[in-house]
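We name chains A, B, ... by the order of the sequence lines, and we start the count at 1 in each one.
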Protein chains: 2
Amino acid sequence: MKTTKNCITRLYQYREALYRMKTSGCQKVFSNDLAEAIGANSSQVRKDFSLFGISGNKRGGYGIHELMDQLDTLFNKNQMRKIIVVGVGNIGRALMNYESFARELILIEAAFDIDPMKYDREALIPVLPMEELQDYITHNKIKMAIIAVPYFAAQQVFDLMSAAGIRGVVNFSPVSLKTPEDVFVNNVNVQLEIDIVHYFVNALDKKE
Amino acid sequence: MKTTKNCITRLYQYREALYRMKTSGCQKVFSNDLAEAIGANSSQVRKDFSLFGISGNKRGGYGIHELMDQLDTLFNKNQMRKIIVVGVGNIGRALMNYESFARELILIEAAFDIDPMKYDREALIPVLPMEELQDYITHNKIKMAIIAVPYFAAQQVFDLMSAAGIRGVVNFSPVSLKTPEDVFVNNVNVQLEIDIVHYFVNALDKKE
DNA sequence: TGGTTTTTGTGATTTTTTTCACAAAACACC
DNA sequence: GGTGTTTTGTGAAAAAAATCACAAAAACCA
Ligand SMILES: NC(=O)c1ccc[n+]([C@@H]2O[C@H](COP(=O)([O-])OP(=O)(O)OC[C@H]3O[C@@H](n4cnc5c(N)ncnc54)[C@H](O)[C@@H]3O)[C@@H](O)[C@H]2O)c1
Ligand SMILES: NC(=O)c1ccc[n+]([C@@H]2O[C@H](COP(=O)([O-])OP(=O)(O)OC[C@H]3O[C@@H](n4cnc5c(N)ncnc54)[C@H](O)[C@@H]3O)[C@@H](O)[C@H]2O)c1
């Protein structure tokens with residue numbers, strides 16, 4: 001099966017859009033609606049679905065409920081997703097405080113930092129010293145982690161996690177990590193996103 | 001000129017990598033080093049440069065200093081980049097507190113919220129009521145904004161900004177905004193990034 | 001100086017991704 | 001039950017992106 005990251009990304013976006021449609025009372029959608037919701041082409045939508053054997057009703061579109069269920073199964077959305085945060089700074093805290101993760105069964109179970117001032121074992125999400133990171137990962141069978149430490153610490157933190165059994169990482173630092181084959185890393189580079197907007201704003205200006 | 005978003009993104013990544021190389025004392029790089037730093041192919045690097053008329057020295061690679069200067073010019077990096085934040089919650093605050101933006105001349109000039117409890121005119125980055133948003137944008141000729149409000153408010157906030165003259169937006173809400181042709185929007189969807197990692201972790205597991 | 005090596009710059013090629021286009025299914029209405 | 005309309009599902013086509021491959025320039029070396 002040809003499942004690219006782009007395709008998976010879109011599937012999750014469909015799901016997000018479906019959630020909002022359901023919330024606002026809809027029962028069914030056409031590929032066209034979904035395409036519009038995520039800014040794509042309607043045959044893209046249908047192709048994405050067909051790749052995963054998801055099918056609708058000719059002339060009747062897709063039942064929202066049904067469709068979400070199929071996506072959820074595909075994504076193992078019904079299984080709790082435990083995750084840890086390393087680096088309890090601006091970004092780390094923002095994530096730890098985000099309430100809507102619960103809705104998607106994303107559970108930030110613990111956080112780690114190198115700074116003793118941040119330790120707090122009693123908090124809702126405990127903040128633990130880095131020394132305990134590897135044990136925690138192995139003991140609790142944690143598979144996913146978020147890296148929110150400064151760039152100079154990112155690779156080193158990654159290596160620790162990876163050695164302890166982490167299989168997937170969301171990396172907020174601006175460095176691109178050297179990773180083994182069997183660990184999946186997704187980068188979120190906020191400054192890059194701002195830079196790119198800046199570039200295109202200038203480019204658009206010049207065109208006029 | 002064929003300048004896609006992918007290409008621009010890589011150029012900024014090269015720059016980021018160059019910055020770190022310079023910091024650690026390097027003087028010159030080869031296309032190979034840059035490729036490795038961002039996880040790409042070396043002819044990709046050269047092609048990106050050639051698209052913008054950036055050239056190195058046969059057999060000698062690229063002078064880091066020189067190269068950064070060329071990228072900076074290309075990106076108007078020497079011009080101060082004023083930006084505002086709308087939505088002073090977890091994410092909004094994280095951005096407002098991030099110190100390294102200054103290094104890149106990204107200046108968060110003001111923030112806006114709908115909640116009176118958040119207003120603070122005296123703060124380093126003042127938090128102002130939404131009523132003042134449009135005036136602020138036009139008076140201060142702000143071109144870029146960050147949207148960090150809940151999803152149900154995002155489109156409405158966008159429409160306000162856009163009407164007042166905003167030309168580029170980084171959107172942290174999970175909805176894809178309906179935008180006019182001449183406004184550039186970049187989406188940062190943190191939950192999506194986590195979801196995708198989760199998907200691939202599961203997929204890798206199953207393969208074994 | 002002339003041969004050898006290294007690395008760039010770019011056209012050609014390949015691969016990947018998106019879009020088109022249309023047959024087939026499902027329904028609606030008469 | 002037949003006719004017309006809508007929307008799916010998917011091969012075929014087009015467009016976009018990445019990679020290859022190699023000539024040419026520069027440096028090095030003997
Ligand atoms: N905050 C933002 O808006 C923003 C924007 C763009 C990029 N980033 C990137 O996101 C990352 C986090 O940013 P932030 O603003 O939250 O940083 P921060 O400085 O607020 O927090 C970093 C935290 O990491 C901890 N830390 C440092 N070294 C560590 C180590 N070796 N092991 C464990 N913990 C360690 C620090 O004690 C601190 O608590 C950085 O890489 C930054 O470049 C942040
Ligand atoms: N915090 C995270 O880690 C995280 C993760 C994924 C996605 N997000 C998304 O990022 C966005 C911001 O998240 P957050 O955690 O910072 O939210 P938050 O609830 O902490 O803050 C939202 C802020 O927006 C303000 N607001 C609400 N309606 C407004 C309006 N109409 N005009 C102006 N301000 C308004 C609120 O007063 C509040 O201060 C949300 O769309 C959220 O879905 C956040």
Side-chain angles (χ1 to χ4, degrees), chain A residues 1-14 17-18 21 26-68 70-71 74 176 187 192 196 199-200 203, chain B residues 1-14 17-18 21 26-71 74 176 187 196 199-200 203:
Chain A
M1 201 189 294
K2 265 295 190 14
T3 97
T4 66
K5 185 177 158 190
N6 281 1
C7 168
I8 303 298
T9 302
R10 283 190 302 268
L11 288 167
Y12 276 99
Q13 290 179 291
Y14 302 144
L18 286 167
M21 289 169 180
C26 294
Q27 302 277 333
K28 66 176 193 174
V29 273
F30 300 130
S31 55
N32 221 327
D33 305 328
L34 282 172
E36 194 160 298
I38 77 155
N41 178 299
S42 74
S43 46
Q44 180 82 84
V45 177
R46 299 197 296 276
K47 186 147 268 180
D48 286 338
F49 287 165
S50 100
L51 227 57
F52 284 90
I54 292 175
S55 60
N57 318 299
K58 301 235 162 161
R59 202 175 172 182
Y62 304 81
I64 289 190
H65 223 80
E66 235 177 306
L67 188 48
M68 285 191 78
Q70 286 182 83
L71 290 173
L74 190 60
S176 101
N187 298 299
L192 185 58
I196 290 167
Y199 178 87
F200 282 104
Chain B
M1 201 191 295
K2 264 295 188 12
T3 97
T4 67
K5 184 177 159 189
N6 281 3
C7 168
I8 302 298
T9 301
R10 284 190 303 268
L11 287 169
Y12 276 98
Q13 291 179 290
Y14 302 144
L18 286 167
M21 290 169 180
C26 294
Q27 302 278 334
K28 65 176 195 175
V29 272
F30 300 130
S31 55
N32 221 326
D33 305 329
L34 282 171
E36 194 160 296
I38 76 156
N41 177 298
S42 73
S43 47
Q44 181 83 84
V45 176
R46 298 198 296 278
K47 184 146 268 179
D48 287 338
F49 287 165
S50 99
L51 228 56
F52 284 91
I54 292 175
S55 59
N57 317 298
K58 300 236 161 157
R59 201 171 172 181
Y62 304 81
I64 289 190
H65 223 80
E66 235 176 304
L67 187 49
M68 285 189 78
D69 280 352
Q70 287 183 81
L71 290 172
L74 190 61
S176 101
N187 298 298
I196 291 166
Y199 178 87
F200 283 104

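- Atom CD of Gln70(B) is separated from atom P of dT8(C) by 14 Å (rounded to the nearest Å).
- Between Ile54(B) atom CD1 and dT10(C) atom P there is a gap of 12 Å when expressed in whole angstrom units.
- Going from atom CG of Leu51(A) over to atom C1' of dG11(D) covers 14 Å, rounded to whole Å.
- A 4.5 Å side-chain heavy-atom check between Cys7(B) and Phe52(B) finds at least one atom pair inside the cut-off.
- The CD1 atom of Ile38(B) sits 12 Å away from the C1' atom of dA18(D) (whole-angstrom rounding).
- Note on Ser31(A): only backbone sugar-phosphate atoms sit closer than 4.0 angstrom, heavy atoms only; bases stay farther off.
- Summarising the geometry, the separation between CD on Gln44(B) and P on dT15(C) is reported as 16 Å, rounded to the nearest angstrom.
- Mapping Phe30(B) and Ser50(B) onto DNA chain C via the closest heavy atom, the residue that lands nearer the 5' end is Phe30(B).
- For the pair Phe49(A) CZ and dT7(D) C1', the interatomic distance rounds to 14 Å; values are reported in whole Å.
- With rounding to whole Å, Tyr62(A) atom OH is found 18 Å from dT6(D) atom P.
- For Arg10(A), a side-chain nitrogen or oxygen approaches OP1 or OP2 of dT18(C) to under 4.0 Å.
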### Query
Could you write nucleotides 20-30 of chain C as a row of B, S and -, 5' to 3', where a protein heavy atom under 4.0 Å of any base atom gives B, of only sugar-phosphate atoms gives S, and otherwise -?
BB--BBBBS--
### Task
For Tyr14(B) and Asp48(B), run side chain to side chain contact (heavy atoms under 4.5 Å, CB included): C-alpha distance rounded to whole Å, both residues' side-chain angles, the deciding distance at 0.1 Å, then the answer.
CA-CA 10 Å; Tyr14(B) 302 144; Asp48(B) 287 338; 2.7 Å; yes
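- Nearest heavy-atom pair, Ser31(A) versus Arg46(A), reported as atom, atom and distance to 0.1 Å: OG-NH1, 3.1 Å.
- Residue-level contact check: Ser55(A) touches the backbone only, with heavy atoms under 4.0 Å from sugar-phosphate atoms and none from bases.
- Contact between the side-chain N/O atoms of Asn32(A) and the OP1/OP2 oxygens of dT6(D) is not found at any separation under 4.0 Å.
- The shortest side-chain heavy-atom distance between Leu71(A) and Leu18(A) falls under the 4.5 Å cut-off.
- A donor-acceptor contact closer than 3.5 angstrom links the side chains of Ser43(B) and Asn41(B).
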### Message
Could you go through Leu192(A) and Asn187(A), starting from their C-alpha distance and side-chain angles, then the distance that decides it, and tell me whether this counts as side chain to side chain contact (heavy atoms under 4.5 Å, CB included)?
### Response
CA-CA 11 Å; Leu192(A) 185 58; Asn187(A) 298 299; over 6 Å; no
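- Following rounding to the nearest Å, Leu67(A) (CG) and dG9(D) (C1') show an atom-to-atom distance of 15 Å.
- Residues meeting the side chain to side chain contact (heavy atoms under 4.5 Å, CB included) test with Ser176(A), sequence neighbours left out: none.
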